[in-house]
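First up is the structure itself, then whatever we jot down about it.
Letters A, B, ... mirror the listed sequences (proteins, then strands); counts begin at 1. All heavy atoms count here, side chains included; hydrogens, waters and symmetry mates do not.
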Amino acid sequence: MALLSITVDGVALSVDSEQRPTHIFAENKEIVVCTINGELKDLWTDLKDGDVVTGISISSPQGLSVLRHSTAHVMAQAVQSVFADTKLGIGPPITDGFYYDFDPQKPFNPDDLEKIESAMRKIVKEGQRFKRRVTTEKDARIELSAEPYKCELIGLKSGEGDEASVEVGGAELTIYDNLGRDGKPVWSDLCRGPHLPSTKHIPAFKLMRSAGAYWRGSEKNPMLQRIYGTAWPSQDELNAYLELLAEAEKRDHRRLGTELDLFSFPEEIGSGLAVFHPKGGIVRRAMEDYSRKRHEDEGYEFVYSPHITKAALFETSGHLDWYSEGMYPPMILDEEHHADGTIKRAGQQYYMKPMNCPFHNLIYRSRQRSYRELPLRLFEFGTVYRYEKSGVLHGITRARGFTQDDAHIYCTKEQMPGELDSLLTFVLNLLRDYGLNDFYLELSTRNPEKSVGEDSEWVEATEALRLAATKQNLELVLDEGGAAFYGPKISVQAKDAIGRTWQMSTIQVDFQLPQRFELEYVANDSTRQRPVMIHRALFGSIERFFGVLTEHYSGAFPPWLAPVQAIGIPVADSFTDYLDGVMKAMRAAGIRVDLDTSDDRMQKKVRNAQLQKIPFMVIAGEEDQSAGAVSFRYRNGEQKNGIPIAEAIAEIQKAVQERIQV
RNA sequence: GCCUCCCUAGCUCAGUGGUAGAGCGACGCACUUGUAAUGCGUAGGUCGUCAGUUCAAUCCUGACGGGGGGCUCCA
């Protein structure tokens with residue numbers, strides 16, 4: 001028997017030539033796949049002399065991907081066993097799980113998912129081995145003649161980067177056979193691999209939902225049925241993941257919006273159009289007031305513009321050419337008709353504004369501008385209307401009418417780097433004030449095929465953005481070619497309390513609009529120059545930011561944002577008058593208070609206040625009254641008794657002023 | 001826009017081809033209580049809208065409106 005000299009996890013070993021990684025790592029159940037000479041391979045791969053083998057744990061990022069990809073295969077096998085005549089699409093791993101696209105006779109329903117899941121459990125229990133087999137394009141086409149989508153993929157073998165590469169992206173065209181107990185293939189799928197050694201290595205999985213999805217991601221293609229699933233190295237990790245989802249559902253802003261009486265979407269108004277109730281109104285106003293104050297401090301000037309405009313403005317800006325399908329259709333005014341219905345006099349078209357920048361440009365252009373005025377920073381809480389496709393609406397975070405905290409900065413080329421730098425610092429600090437602390441930045445650069453402007457302009461602006469970003473000491477992710485056609489941008493991504501990422505602020509350089517609006521300033525040498533224009537929004541939309549904060553805080557807003565900052569709860573009715581006096585003093589001190597004078601027992605009042613997530617419960621009974629004091633109960637259940645009234649007021653005021661969470 | 005599921009009281013949800021029920025909430029009465037639900041009672045619904053099938057529709061079918069989950073999109 002021949003011996004091979006190989007390196008395993010950095011240690012030189014001699015093994016006999018029959019040995020494969022699965023034998024070498026047999027002791028360590030965590031190892032489910034390996035790299036051989038740097039390439040990710042099955043544990044069943046044949047070894048050669050000199051190979052460098054490294055075991056990959058199921059819990060590592062690569063291991064998780066393989067686990068999830070293999071689980072997708074098991075699901076596909078189960079689907080075809082339960083629903084014969086189902087054609088296969090693709091089935092890659094994704095964050096936290098996997099999906100597989102199918103073309104079934106009938107779309108799946110929730111009962112089907114249960115059937116599929118139990119078929120999967122059977123396959124997992126059988127411990128089918130995943131066996132790699134190299135094939136040729138010709139043979140594969142014959143073998144997969146019943147799988148039209150797979151055949152389409154074979155032709156795309158060289159395709160890189162898209163999800164289909166999981167199937168056919170490797171150097172060789174390969175098929176994975178699942179071997180039954182007798183060692184014979186029970187199911188096969190065109191796939192690049194690698195896979196777990198066997199289906200028995202899938203510790204914990206669950207099917208989540210089915211959904212429609214366009215074949216290969218294009219709406220021009222037929223729609224397939226996608227099933228999403230999740231898979232984890234242990235049942236505990238699966239449970240933790242499911243708990244996270246349950247937690248996310250509990251803090252869903254749409255649910256909290258109803259529970260806390262913040263806002264609603266009356267059907268009568270229309271899809272994607274919200275009304276804010278008094279309590280939501282308080283939160284929103286607190287958000288706006290603080291933002292306004294900070295912008296004032298930062299040298300912004302406040303402007304206002306109308307909600308509708310004649311078409312010409314959006315012709316100048318170009319929006320009617322590019323985005324008219326995203327705009328509400330025009331109102332036609334003053335049109336006159338002949339008796340036969342033909343047009344006697346053409347009307348004027350007015351549009352709802354989908355953005356504010358053209359208006360701000362008109363303000364800039366309303367008179368001659370001097371270099372001494374720059375940078376000119378125009379700010380507006382501008383309400384815009386966009387005809388979003390019905391399927392994309394999502395509560396208050398993706399609506400058809402919303403208000404941007406929109407500003408446009410006009411500056412000289414020389415001022416741009418400094419302006420971007422201070423702007424980014426301002427943005428991040430403001431977001432921190434609202435309680436978001438975990439950020440990364442994304443720099444979107446030019447797509448040469450779809451962009452306007454000079455190379456030198458792009459380079460200059462992109463470098464200025466990059467420099468500003470680098471200074472923040474935050475992770476910077478490059479979004480190559482992801483810029484809008486008119487200029488590069490930085491976006492701030494923020495992580496919320498349960499680790500979800502939200503795209504927040506954007507800072508965008510625009511080479512297009514100053515030109516289209518012929519914006520100019522008079523430079524110190526009397527020449528006319530074109531200013532640089534920077535678009536920026538911190539919240540993006542106030543409504544969306546409201547929704548994000550609601551989910552981030554799970555409705556338990558910090559005192560400065562809370563609709564009711566303190567609620568008075570008498571131990572019994574006889575203390576209501578005393579507490580009313582305390583509440584009046586608090587109100588006079590600028591605190592938003594409520595007094596619970598209902599018939600409920602004190603315990604019930606505490607419960608209600610707790611469910612309303614009110615930061616301070618101010619409780620008073622005999623002991624407090626005789627001491628001229630109150631007792632606090634906080635949202636976390638802690639309490640503090642016998643606080644003199646003045647101290648109680650000071651404590652609340654301090655929390656509000658310092659915008660701390662309690 | 002596309003696929004799919006859903007719409008019953010203010011909220012959360014049961015239920016049936018013969019015009020409906022619970023819990024919470026609201027309102028009333030009694031009770032007067034020190035940190036997450038006191039008891040009793042009352043009111044509240046043309047079962048999203050409009051058509052169709054049927055002797056009969058909240059239930060079946062269709063269209064429309066609104067919503068959920070995805071896909072595509074997101075200036």
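- Formation of a donor-acceptor pair under 3.5 Å by the A/R530 side chain with backbone atoms of A/L519 is found in this model.
- Rounded to an integer number of Å, the gap from CG of A/L207 to C1' of B/U4 is 16 Å.
- In the model, A/Q80 has a side-chain atom that pairs as donor or acceptor with a side-chain atom of A/E147 under 3.5 Å.
- Heavy atoms of A/E388 sit nowhere under 4.0 angstrom from any nucleic acid atom.
- Closest-nucleotide positions on RNA chain B for A/A484 and A/L393 were compared, and the one nearer the 5' end corresponds to A/L393.
- Counting any heavy atom pair closer than 4.0 Å across all strands shown, A/S271 reaches sugar-phosphate atoms only and no base atom.
- In this entry B/C71 has B/G1 as its Watson-Crick or G-U wobble partner, both defining distances falling under 3.5 Å.
- Checking A/S631 against A/D624 by side-chain atom types alone, a donor-acceptor pair falls below 3.5 Å.
- Among the heavy atoms of the strands lying under 4.0 Å from A/P354 is at least one base atom, whether or not backbone atoms are also near.
- Backbone-only contact: A/V606 has heavy atoms under 4.0 Å from sugar-phosphate atoms and none from a base.
- Residue-level contact check: A/D599 touches the bases, meaning some heavy atom is under 4.0 Å from a base atom.
- One can find a donor-acceptor pair under 3.5 Å joining the base of B/G34 and the side-chain atoms of A/S631.
- Under the 30°/60° scheme for interplanar angles, the aromatic rings of A/Y385 and A/Y328 are found to stand perpendicular.
- A/F485 comes within 4.0 angstrom of nothing in the nucleic acid, heavy atoms only.
- Residue A/A211 is classed as a base contact, given a heavy-atom separation below 4.0 Å to a base.
- With rounding to whole Å, A/E268 atom CD is found 12 Å from B/U49 atom C1'.
- If you check distances only, the side chain of A/R633 does reach the base of B/A36 with a donor-acceptor pair under 3.5 Å.
- Here the C1' atom of nucleotide B/U12 and the CG atom of A/L611 are 14 Å apart, to the nearest Å.
- Nucleotides B/U42 and B/G25, compared at atom C1', are 14 Å apart to the nearest Å.
- B/U58 and B/A14 have their C1' atoms separated by 14 Å, given to the nearest Å.
- Here the nucleotide nearest the side chain of A/R607, chosen from B/G34, B/A37, B/C71, is B/A37.
- The distance from the OH atom of A/Y410 to the OH atom of A/Y364 is 8.5 Å, given to the nearest 0.5 Å.
- To the nearest whole angstrom, the two P atoms, one in B/G28 and one in B/G44, are 16 Å apart.
- Atom CG of A/D252 is separated from atom C1' of B/G69 by 12 Å (rounded to the nearest Å).
- The same atom, P, is picked in B/G68 and in B/A26; the two are 27 Å apart, to the nearest Å.
- Geometrically, A/R400 engages A/Y387 in a cation-pi contact, judged by NZ or CZ lying under 6.0 Å from the ring centre and within 45° of the ring axis.
- Taking atom CE of residue A/M533 and atom C1' of nucleotide B/A75, one finds them 12 Å apart after rounding to whole Å.
- Note on A/G637: nothing from the nucleic acid sits closer than 4.0 angstrom, heavy atoms only.
- Of the two residues near RNA chain B, A/K489 and A/M602, the one whose nearest nucleotide lies more 5' is A/M602.
- Residue A/N608 is out of contact with every strand shown, counting any heavy-atom pair closer than 4.0 Å.
- Straight-line distance from the NZ atom of A/K106 to the P atom of B/U4: 12 Å, rounded to whole Å.
- Side-chain proximity of A/R209 to the nucleotides B/C2, B/A37, B/G69 is greatest for B/G69.
- Rounded to whole angstrom, the span from the CE atom of A/M355 across to the P atom of B/A75 amounts to 9 Å.
- A distance of about 16 Å separates the C1' atoms of B/G45 and B/U49, rounded to the whole Å.
- The backbone N or O of A/D321 lies less than 3.5 Å from no partner atom in the side chain of A/S324, so there is not a single donor-acceptor pair.
- Backbone-only engagement by A/Y228 is indicated by non-hydrogen atom pairs under 4.0 Å involving sugar-phosphate atoms exclusively.
- In this structure, A/W322 atom CH2 and B/C74 atom P are separated by 14 Å, rounded to whole Å.
- Side-chain atoms of A/Y99 stay outside donor-acceptor range of the base of B/G70, with no qualifying N/O pair under 3.5 Å.
- In this structure, B/A63 forms a base pair with B/U49, meeting either the Watson-Crick or the G-U wobble geometry with both donor-acceptor distances under 3.5 Å.
- Side chain to side chain, A/W215 and A/E152 meet the donor-acceptor criterion of an N or O pair below 3.5 Å.
- Backbone-only contact: A/Q603 has heavy atoms under 4.0 Å from sugar-phosphate atoms and none from a base.
- The pairing partner recorded for B/G44 is none, the criterion being a Watson-Crick or G-U wobble arrangement whose two distances lie under 3.5 angstrom.
- Distance check on atom C1': B/C59 versus B/G18 gives 12 Å, rounded to whole Å.
- In this structure, of B/U72, B/U35, B/A75, it is B/A75 that holds the atom nearest to the side chain of A/Y486.
- The cationic atom of A/K353 (NZ for Lys, CZ for Arg) lies less than 6.0 Å from the six-membered ring centre of A/F359 and within 45° of the ring axis.
- Figure legend. B/C29 is base-paired to B/G39; pairs are counted as Watson-Crick or G-U wobble with both atom distances under 3.5 Å.
- In this structure, A/D624 reaches the bases: a heavy-atom distance under 4.0 Å links it to at least one base atom across the strands shown.
- Within the nucleic acid shown, A/Q225 comes within 4.0 Å of sugar-phosphate atoms alone, with no base atom in reach, counting heavy atoms only.
- Judged by atom type and distance alone, A/R398 reaches the base of B/C73 through a side-chain donor-acceptor pair under 3.5 Å.
- Between the P atoms of B/U4 and B/A63, the separation comes to 12 Å (whole Å).
- To the nearest whole angstrom, the two C1' atoms, one in B/C11 and one in B/C50, are 27 Å apart.
- Within 4.0 Å (heavy atoms only), A/G272 reaches sugar-phosphate atoms of the nucleic acid but no base atom.
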